[in-house]
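Below, chain A is the first sequence line, B the second, and so on; all start at residue 1. Heavy atoms only: backbone and side chains are in, while hydrogens, waters and symmetry mates are out.
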Protein chains: 4
Amino acid sequence: MASIFGKNVKISIFGQSHSAAIGVVIDGLPAGIKLDQEKLQSFLDRRAPGQSRYTTARKEGDRPEFLSGLVDGTTCGAPLAAVIRNTNTRSSDYDNIRDVPRPGHADYTAHIKYGGFEDVSGGGHFSGRLTAPLCVAGGIALQILEQKGVSVSASILEIGGSREDPFGKIEEARREGDSVGGVIQCTAEGLPPGIGEPMFDGLENRIAQAVFAIPAVKGIEFGRGFEAARLRGSENNDQFCYDGERVRTRTNNHGGILGGISSGMPVVFRVAIKPTPSISIEQDSISYSREENVRIAVRGRHDPCIVPRAVPCVEAACALAIYDLMLEGEKKQ
Amino acid sequence: MASIFGKNVKISIFGQSHSAAIGVVIDGLPAGIKLDQEKLQSFLDRRAPGQSRYTTARKEGDRPEFLSGLVDGTTCGAPLAAVIRNTNTRSSDYDNIRDVPRPGHADYTAHIKYGGFEDVSGGGHFSGRLTAPLCVAGGIALQILEQKGVSVSASILEIGGSREDPFGKIEEARREGDSVGGVIQCTAEGLPPGIGEPMFDGLENRIAQAVFAIPAVKGIEFGRGFEAARLRGSENNDQFCYDGERVRTRTNNHGGILGGISSGMPVVFRVAIKPTPSISIEQDSISYSREENVRIAVRGRHDPCIVPRAVPCVEAACALAIYDLMLEGEKKQ
Amino acid sequence: MASIFGKNVKISIFGQSHSAAIGVVIDGLPAGIKLDQEKLQSFLDRRAPGQSRYTTARKEGDRPEFLSGLVDGTTCGAPLAAVIRNTNTRSSDYDNIRDVPRPGHADYTAHIKYGGFEDVSGGGHFSGRLTAPLCVAGGIALQILEQKGVSVSASILEIGGSREDPFGKIEEARREGDSVGGVIQCTAEGLPPGIGEPMFDGLENRIAQAVFAIPAVKGIEFGRGFEAARLRGSENNDQFCYDGERVRTRTNNHGGILGGISSGMPVVFRVAIKPTPSISIEQDSISYSREENVRIAVRGRHDPCIVPRAVPCVEAACALAIYDLMLEGEKKQ
Amino acid sequence: MASIFGKNVKISIFGQSHSAAIGVVIDGLPAGIKLDQEKLQSFLDRRAPGQSRYTTARKEGDRPEFLSGLVDGTTCGAPLAAVIRNTNTRSSDYDNIRDVPRPGHADYTAHIKYGGFEDVSGGGHFSGRLTAPLCVAGGIALQILEQKGVSVSASILEIGGSREDPFGKIEEARREGDSVGGVIQCTAEGLPPGIGEPMFDGLENRIAQAVFAIPAVKGIEFGRGFEAARLRGSENNDQFCYDGERVRTRTNNHGGILGGISSGMPVVFRVAIKPTPSISIEQDSISYSREENVRIAVRGRHDPCIVPRAVPCVEAACALAIYDLMLEGEKKQ
């Protein structure tokens, strides 16, 4: 098991970068939800490439086809399946990967795991392309959450270490055939208190599990996160108070989660995205066939920075985790 | 579902801080594993309180009783159940919590979630005490991993922001009735390449899911983590090379994981622990019954810093995640 | 995984016939449920041995101790753990089993599966004794179902082929050192229409999965079951009609389940219980050590018929499956 | 959750009778398995309609398209997705169902469960058509099992109560606008001893869970099944003996399963299939809109007997359950 997430709404993602199609099956959506397909498309377009000069020129036009689960655009209770055809592929770009793994990619680890049978083209199932079906599922979750009064919104906090000029950092890296990473901050507002389960199924556990499905994510922190580790308890504790009849905390160092359960304050977390491993600069690698060290320069089109495209993916992952836990909570009431 | 973890070896943790007992059921252990109970006890003793002046004086003597799953100290294939009796309880210390939630604790969120039926004594199921059965299960996983050539070891990286004098920071906080947090680094060595599943069941996803079960954890990062977000691809990519017949990377910024799958390099991650929320300093809170803001000073014995005791817990969580994924991998070969 | 059941309320059963204790952890019970422990005990007493001359003389007094999950007899949202100590054991009765598997028991299959490390005493984890914790969990589910207006009730339909004199058949078998099986019918009334999921998680799938956990069950049929296979569609179809404002069917050949989902008619199923494999009559078996055919007569106390004691077990299994699916349904509303 | 099965190889089935497509995602297949697509097609053809005069005339030509998971016809470790387009649909046949549920079908229960949003055309997700993707997944499992030396084979035992002239019974029913059911027997040979888990994940539990996913199945029995309930222990117990170095039982009343675990003897079970609920004969039903009793005659093409087409479905369900449990066993060795 691997590409399946969720306990109450289960998503099963499939596809490789250059397979006939990629897609997702969502099992457990309630019946009677009217899907706003235009809105979903707008959401998907946010992760699509070719939207600005800072992202790769390959245009995919990720328009999902809904194979099942909808009747007249409304969920019917049956599993919803959506596929996106892979059209604009140039798989010969990747011939070299079969023998020489790209540093920073999953080429080598997949090679060991699947004994040479892995699909190497474009990274196969490990490609960032697989975040498209993640966004289809997440985009649907976002629409349902919105109807429940929960909004999830992520944005770029910094790129290449800069909060002031992130896009300058991207441009600089591009010119040098290099790449940069960054930090994304995500906030979920409107989540009622009491969502999340103790120990292994808390909001932090499940959001983390979902977010690490996005390639290039190497860290996650909630509320003050690593900074909290340097504070005193008296500084970090968020004190409770009444705000009219509503309970709130004066500060939100806990990022809206205590004991894995939502407090009613905004859920806030940050995600570290490593720099895109595909760079034009020549690097050391190995040749399986020749059993010797070789040099590799990754050809083809690649983003000098995938952080902008990762923003909706983080929202999608967060929405899926939160929605699943909201259902978990609802069934007990 | 909540206190259950794992797909191939499932652990189910139960108990509250002041219930009759706490414990764990482990379902899926292979038969024929000789358990070194003395070694397990030494491991458990590392998380027990009262070992140094820096930890709370309450002594629990966490000696698990094995109710099932062992025949003459060797696993028999049936679920292993271990319980630890709660003896030294002083639950009247906690009477106030029922009405006034402690800042930084799960008192309030549990109150909302369980509608006032939650066990408030000592934090109930959300107590750090529940890491004892986590360590029983994790300690067993560590022994099995060791037999497979995998060692997991965590240590304190910093406390209260200091790498030089962590225990000075604890002492300082204690004198002032305050508390400090810290950062723990954990390394798993000897893991063969190819362990971990794509997308949602990668090593990062599953280690994160396990580690966030430890109360007070607010962040996790793998390899260079958040620092990687500030590097160039050319700096962060770990280049491959042959080391004799073995493949390795020249650096280990990826923390031993690429695409969720082990590379054969040491798995390295860091965990942010917030400062203990229990402090003697008076804080703001609310009274449910009086529906007004009140002041609270948390009485009773509490650690000014739980970081030292969290170290074996991180090892336990890491071991459980890794062992579960190793089994996942083995079944496909 | 093995001794874990349920998706919304997960039960994890542990113990062997002669281990220190047997028990169950129930994860996912809602908070605030007042447990009627006396009623639970009465339910458990129905499966206990020694109640009549037709059941074994060994008296166990299966009184569960609740280790966690309850505060003042009411569920608190944390996992509920209950253990039953094994006291009256006579394990030397079973020494022979280690080398000579008893026909009809799991001795041989467990031996192969666990490589000789299995707990052979009294059948180990495969013992009918493990239905005690099943009944603890099921008894709790029955109480919750009752509060929801659902009652589950099973009874003996036939024993040793006789519907007229089942206990005569038992007595006859006992006299001859032999054993008999029988058929149990179970009915769940009050289940609202719409419970159950399509395909693999229908009421039939999940009740069957639960019921086959009871040792000696070899068949299950719903509604008319195998008899339906001999009817015409025009005979077997249950025609709909209004009964006031309520929809019902004129007959109940479908056993209250259509497409895996409850119709609002009583859920009805029958379970085939094979004759107790432990008999005094000498049988053929093998000796692992001598690698030759040998004769075996199973010594010790054994029921000539376990059907009466299996009745509450069937209710327990049914209640657990139904309750789990009711929660599944509730979370979607 | 609903249309998902398996723990080690997870299949997720989607589609409705008249949606754009039906299909399946299989997550967890090992890499490097060469799929014999012609053989798979032959298997699928066995469940396709229009093969004989005894099955419906509607021809679907169920040719799955593989969207992912294969590279040059060999599994690559990524989830395998296969879809079958629905082409030859005549959904206006089913307009009436929206208001008047067909007796014996899931129309009414789905209507209640999904609040009127269900897809009624052709039974929607509850259609027997959904056994096509089940057979795709099962057909792949059968090929893998064959490579492991395990063969699964089902056949018709009786139809309409007759073992002598089953097809005469079908013809008779057809002439009268009625339908008949039957019993299918399935045997799995070559399964090594030791496969299956105790309690809830035994071979019986899991095969039953899978088989009840086939519409119209109302009962299952293993080995002697319900007949065993009428035997003495001395008759029903299968005595062990050496057959050369191999252990076997002299008889196979246990159907190859003891304690949920394979004994090495053939796994044998029988499945009761109710008569097709679609019949031309007029029946009673209700009108939701008019809230009154009405008469209904099911129009359109329907099989007077689906037993012949259910045979490969039983093989598929059995193969999926067995393969999943074989993987479960392998990971522990």
Side-chain angles (χ1 to χ4, degrees), chain C residues 1-3 5 103-104 106 109 112-113 125-126 161 178-179 181-183 193-194 197-201 204-205 208-209 212-213 218-219 221-223 225-226 228-234 236-242 247 258-259 261 263 272-277 279 281 283-286 293, chain D residues 1-3 5 103-104 106 109 112-113 125-126 161 178-179 181-183 193-194 197-201 204-205 208-209 212-213 218-219 221-223 225-226 228-234 236-242 247 258-259 261 263 272-277 279 281 283-286 293:
Chain C
M1 289 147 295
S3 304
F5 180 76
T109 55
I112 297 297
K113 183 170 187 66
H125 189 57
F126 296 87
D178 212 334
S179 66
V183 176
E197 305 289 314
M199 301 210 77
F200 301 107
D201 286 342
E204 286 144 331
N205 313 65
Q209 195 198 354
F212 278 112
K218 294 303 279 187
E221 57 177 9
F222 293 84
F226 278 88
R230 286 162 200 124
L231 300 178
R232 287 286 184 89
S234 56
N236 186 61
N237 279 354
D238 300 302
Q239 307 192 22
F240 292 104
C241 62
Y242 276 105
V247 174
L258 287 169
I261 300 170
S263 67
I273 311 276
K274 73 178 184 184
T276 326
I279 55 175
I281 297 168
Q283 299 170 85
D284 285 352
S285 187
I286 53 166
N293 296 338
Chain D
M1 289 146 293
S3 304
F5 180 77
T109 55
I112 297 297
K113 184 171 187 66
H125 189 57
F126 296 87
D178 212 336
S179 66
V183 177
E197 304 289 315
M199 301 210 78
F200 301 106
D201 286 341
E204 287 145 330
N205 313 65
Q209 195 198 353
F212 278 112
K218 295 302 278 188
E221 57 176 8
F222 293 84
F226 278 88
R230 288 166 198 122
L231 299 178
R232 286 286 183 90
S234 56
N236 186 61
N237 279 354
D238 299 303
Q239 307 191 20
F240 293 104
C241 62
Y242 277 104
V247 173
L258 286 169
I261 301 170
S263 68
I273 311 277
K274 71 177 184 183
T276 327
I279 54 176
I281 297 169
Q283 301 170 85
D284 286 352
S285 188
I286 53 166
N293 296 340

For [X] against [Y], the heavy-atom pair lying closest together:
X	Y	answer
C/Pro103	D/Asp238	CB-O, 3.6 Å
C/Pro275	D/Ala228	CD-O, 3.1 Å
D/Gly259	C/Ala106	CA-CB, 3.8 Å
D/Ala208	C/Ala208	CB-CB, 3.9 Å
C/Gly194	D/Lys113	O-NZ, 3.4 Å

Is D/Phe126 in contact with chain C via its backbone, its side chain, both, or neither, using a 4.5 Å heavy-atom distance?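 Just its side chain gets close to chain C.
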Side chain, backbone, both or neither: which part of D/Thr276 has a non-hydrogen atom closer than 4.5 Å to chain C?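 Only the backbone of D/Thr276 comes within 4.5 Å of chain C.
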With rounding to the nearest 0.5 angstrom, report the [atom1] to [atom2] distance, [X] to [Y].
X	Y	atom1	atom2	answer
C/Ile273	D/Phe226	CD1	CZ	9.5 Å
D/Glu221	C/Glu221	CD	CD	8.0 Å
D/Ile279	C/Ser234	CD1	OG	5.0 Å

Closest-packed option against chain D by number of heavy-atom pairs under 4.5 Å, given [options]:
options	result
C/Ala229, C/Pro277, C/Ser285	C/Ala229
C/Asp178, C/Ile281, C/Ile112	C/Asp178
C/Arg232, C/Glu204, C/His125	C/Arg232

Option in D/Pro193, D/Ala272, D/Gly161, D/Gly104 with maximal non-hydrogen atom pairs under 4.5 Å from chain C: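 Most heavy-atom pairs within the cutoff with chain C belong to D/Ala272.
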Consider side-chain contact (heavy atoms from CB on, under 4.5 Å). Of C/Leu231, C/Asn236, C/Asn237, which one does D/Lys274 pass it with?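 Filter result, single survivor: C/Asn236.
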Using the side-chain hydrogen bond (donor to acceptor under 3.5 Å, both in side chains) criterion, which residues pair with D/Ser263? Sequence neighbours excluded.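 For D/Ser263 the side-chain hydrogen bond (donor to acceptor under 3.5 Å, both in side chains) partners, ignoring immediate neighbours, are D/His254.
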Expected output: side-chain C/Gln209 to main-chain D/Phe200 donor-acceptor under 3.5 Å: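 Confirmed, C/Gln209 side chain pairs with D/Phe200 backbone.
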I'd like to know if the side chain of C/Thr109 reaches the main chain of D/Leu258, judged simply by a donor and an acceptor atom lying under 3.5 Å from each other, with no hydrogens or angles considered.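 Yes, the answer is positive, given that a donor and an acceptor are paired below the 3.5 Å cut-off.
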As a quick check of understanding, evaluate side chain to side chain contact (heavy atoms under 4.5 Å, CB included) for C/Cys241 and D/Asp284, giving each step before the final call. CA-CA 7 Å; C/Cys241 62; D/Asp284 286 352; 5.9 Å; no
Would you please name every residue forming a side-chain contact (heavy atoms from CB on, under 4.5 Å) with C/Ile286, sequence neighbours left out?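 C/Pro101, C/Tyr288, C/Asn293, D/Phe240, D/Tyr242, D/Val247.
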